Amino acid sequence: MGNPKLELARRIIENTGASLFLTGRAGTGKTTFLHDLRASTRKRVVVAAPTGIAAINAGGVTLHSLFQLDFGIFVPGQAHHEKFRMRNEKMKIIRGMDLLVIDEVSMVRADVLDAVDDSLRRLRDRNKPFGGVQLLLIGDLQQLPPVAREDEEKNLRQDYPTNYFFESHALKQLDYETVELDRVYRQNDAEFLDILNAIRDNRADDSVLARLNSRVPRKFIPDDYDGYIRLTTHNHLAADINEQRLDRLPTPETCFEARVEGKFPESMYPADPMLRLKVGTQVMFIKNDTGFPRAYYNGMLGEIVAIDEENGVTVRPMEGGDIITVGAVEWPNNTYAVDEQTNQIVEKREGSF
């Protein structure tokens with residue numbers, strides 16, 4: 001059965017020049033929509049994101065590198081000068097694109113979006129918001145917020161009520177559509193979804209609290225093999241727990257070292273470059289399966305039941321179903337270039353992990 005809202009979003013992007021804000025909670029298909037769009041559209045698309053890791057996951061570039069933005073605050077109305085002269089090829093890319101996709105837009109500050117608008121107006125059409133380019137903004141405002149240093153907040157408040165992207169002066173001049181996806185594909189437990197949605201929407205009442213508390217037995221010490229996840233405040237705490245649990249397993253250890261080729265900065269690595277695994281290890285997938293049918297998804301839990309250095313790692317999903325054998329998966333670090341013969345915008349691989 002199709003998803004009418006995903007189909008509506010596709011029609012808006014493919015058949016019109018209208019800009020779109022595509023939102024929805026985790027697991028509703030935003031990332032899949034982006035990947036499918038890139039594979040099928042005839043429009044000249046450039047994908048960008050606010051951070052390096054977000055850009056790698058989206059298969060695009062950072063906003064700051066694409067538009068050569070300064071990392072300081074952008075002040076609307078003031079003259080903006082590029083820190084470095086923009087190359088002719090990059091100007092061709094920006095002038096030639098039909099659609100600019102900004103993924104994880106919840107993390108984009110309003111002034112950064114206005115800086116993007118400033119660049120696009122200077123390079124395309126000065127009289128139109130974002131130079132007249134079609135925008136596809138993808139993100140969930142109830143996930144990661146935009147970040148500003150304490151010393152930046154005072155200056156930002158002079159021009160923006162909040163840091164969120166929708167306070168952008170340019171965006172307020174743009175008549176854009178909004179589609180909110182509401183069908184969750186990662187979770188089918190109706191009661192659990194109700195609880196998640198109540199907390200997400202800040203409407204958790206006493207009955208929700210009672211249902212949560214009913215799941216908290218006193219002196220609860222789960223067995224390592226029960227499949228529970230411990231939530232921590234910092235990555236290093238999670239890493240310490242994982243190392244301790246891994247060392248307890250009596251099975252032999254196999255190490256897989258990442259193969260990094262070309263330009264792929266360490267700060268953008270999507271995973272640890274050295275992966276230590278044993279049979280019996282509890283694992284979480286950190287990437288969606290791009291094959292068909294899709295065997296796994298980002299956030300899916302499983303237990304390793306076999307390891308073969310040549311053929312891959314075999315995982316039994318915690319939620320049941322067929323076991324999965326996973327080989328090496330690639331994250332590309334792409335940039336954009338203009339094909340001199342066709343004048344089309346093409347992706348150019350700089351490196352891979």
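Please read all numbers here as calculations on a predicted model, not as lab measurements.
Smallest separation of non-hydrogen atoms from Val133 and Ser19: O-OG, 4.1 Å. Contact record, Ser352 with Glu330: CB-OE2, 3.2 Å, taken as the closest heavy-atom pair. Considering every non-hydrogen atom in both Leu66 and Ile94, the closest pair reads O-CD1, 3.8 Å. Nearest heavy-atom pair, Trp331 versus Pro270, reported as atom, atom and distance to 0.1 Å: CD2-CG, 3.4 Å. Minimum heavy-atom separation, Pro129 to Ala170: CB-O, 3.9 Å.
Of the inter-residue distances, the one linking Ile102 atom CD1 with Leu63 atom CG reads 5.0 Å to the nearest 0.5 angstrom. Rounding to the nearest 0.5 Å places CG of Leu20 at 12.5 Å from CZ of Arg10. The OG1 atom of Thr31 sits 7.0 Å away from the CD atom of Glu104 when rounded to the nearest 0.5 Å. Between the CZ atom of Arg11 and the CD atom of Glu177 there is a distance of 12.0 Å, given to the nearest 0.5 Å. Separation of atoms CG (Asn197) and CZ (Phe192) is listed at 10.0 Å; rounding is to 0.5 Å. Taken from OG1 in Thr314 to CD1 in Ile323, the straight-line distance is 5.5 Å, to the nearest 0.5 Å.
Leu37 places a side-chain heavy atom less than 4.5 Å from the side chain of Leu136. Contact annotation: the side chain of Arg25 never approaches that of Gln142 to less than 4.5 Å [non-hydrogen atoms, C-beta and beyond].
Contacts classified as salt bridge (charged side-chain N to carboxylate O under 4.0 Å, His left out) and involving residues 208-222 (residues at least two apart or in different chains) are given here: Glu191-Arg211. The ring pair (Phe, Tyr, Trp, His ring centres under 6.0 Å) analysis of residues 132-164, with sequence neighbours excluded, yields the pairs Tyr160-His169, Tyr164-Phe166. Residue pairs meeting the ring pair (Phe, Tyr, Trp, His ring centres under 6.0 Å) criterion with at least one member in residues 14-42, sequence neighbours excluded, are Phe21-Phe165.
Here Ile195 is tied into one hydrophobic group with Ile199, Val208, Leu212, each link being a pair of ILVMFWY side chains closer than 4.5 Å. When hydrophobic residues (I, L, V, M, F, W, Y) are linked wherever their side-chain heavy atoms come within less than 4.5 Å, Ile221 remains an isolated member. By the 4.5 Å side-chain criterion applied to Ile, Leu, Val, Met, Phe, Trp and Tyr, Ile241 is assigned to no cluster and stands alone. Here Leu237 sits alone; no ILVMFWY side chain lies under 4.5 Å from its own, so it joins no hydrophobic cluster.
Heavy atoms of other residues, nucleotides or ligands lying less than 6.0 angstrom from NZ of Lys92 number 12 at most. By the neighbour-count criterion of 12 heavy atoms within 6.0 Å, atom CG of Asp151 is densely surrounded, having more than that number from other residues, nucleotides or ligands. The number of heavy atoms from other shown groups lying within 6.0 Å of CG (Asp322) does not exceed 12. Heavy atoms of other residues, nucleotides or ligands lying less than 6.0 angstrom from CG of Asp201 number more than 12. Applying the 6.0 Å contact sphere to NE2 of His234 captures no more than 12 heavy atoms from other residues, nucleotides or ligands.
The hydrophobic cluster containing Val101 also contains Val338, counting ILVMFWY residues as joined when their side-chain heavy atoms lie under 4.5 angstrom apart, directly or transitively. Linking Ile, Leu, Val, Met, Phe, Trp and Tyr whenever their side-chain heavy atoms come within less than 4.5 Å puts Val279 and Leu277 in one cluster. A single hydrophobic cluster is not seen to contain both Ile53 and Ile286; linkage of ILVMFWY side chains at heavy-atom distances under 4.5 Å, directly or through other members, places them apart.
Across Leu100, Asp114, Asp117, a single residue satisfies side chain to side chain contact (heavy atoms under 4.5 Å, CB included) together with Phe130, and that is Asp117.
With sequence neighbours excluded, no residue forms a side chain to side chain donor-acceptor pair (under 3.5 Å) with Thr51. Taking Glu14 as the reference, Thr41 meet the side chain to side chain donor-acceptor pair (under 3.5 Å) condition, with sequence neighbours excluded. Applying the side chain to side chain donor-acceptor pair (under 3.5 Å) criterion to Arg316, with sequence neighbours excluded, gives no partner residue. Taking Lys154 as the reference, nothing meets the side chain to side chain donor-acceptor pair (under 3.5 Å) condition, with sequence neighbours excluded.
With salt bridges taken as basic N to acidic carboxylate O contacts below 4.0 Å, none links Lys348 and Glu89. For Arg109 and Glu167, the salt-bridge test fails: no basic side-chain N is under 4.0 Å from an acidic carboxylate O.
Ring geometry for Phe353 against Tyr269 counts as tilted: the plane angle lies between 30° and 60°, on a 0 to 90° scale.
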Item to complete: Could you walk me through whether Lys287 and Asn298 pass side-chain contact (heavy atoms from CB on, under 4.5 Å), step by step?
Response: CA-CA 5 Å; Lys287 198 177 194 299; Asn298 183 15; 5.9 Å; no

Worksheet entry | Criterion side-chain contact (heavy atoms from CB on, under 4.5 Å) on Glu153 and Asn163, from CA distance to verdict | CA-CA 8 Å; Glu153 289 286 353; Asn163 294 339; 3.1 Å; yes

Which donor-acceptor pairs under 3.5 Å do side chains of residues 252-259 form with protein atoms, sequence neighbours excluded?
{"from": "Glu253", "atom 1": "OE1", "to": "Arg276", "atom 2": "NE", "distance (Å)": "2.9"}
{"from": "Glu253", "atom 1": "OE1", "to": "Arg276", "atom 2": "NH2", "distance (Å)": "2.6"}
{"from": "Glu253", "atom 1": "OE2", "to": "Arg276", "atom 2": "NE", "distance (Å)": "3.1"}
{"from": "Arg259", "atom 1": "NE", "to": "Glu261", "atom 2": "OE2", "distance (Å)": "3.4"}

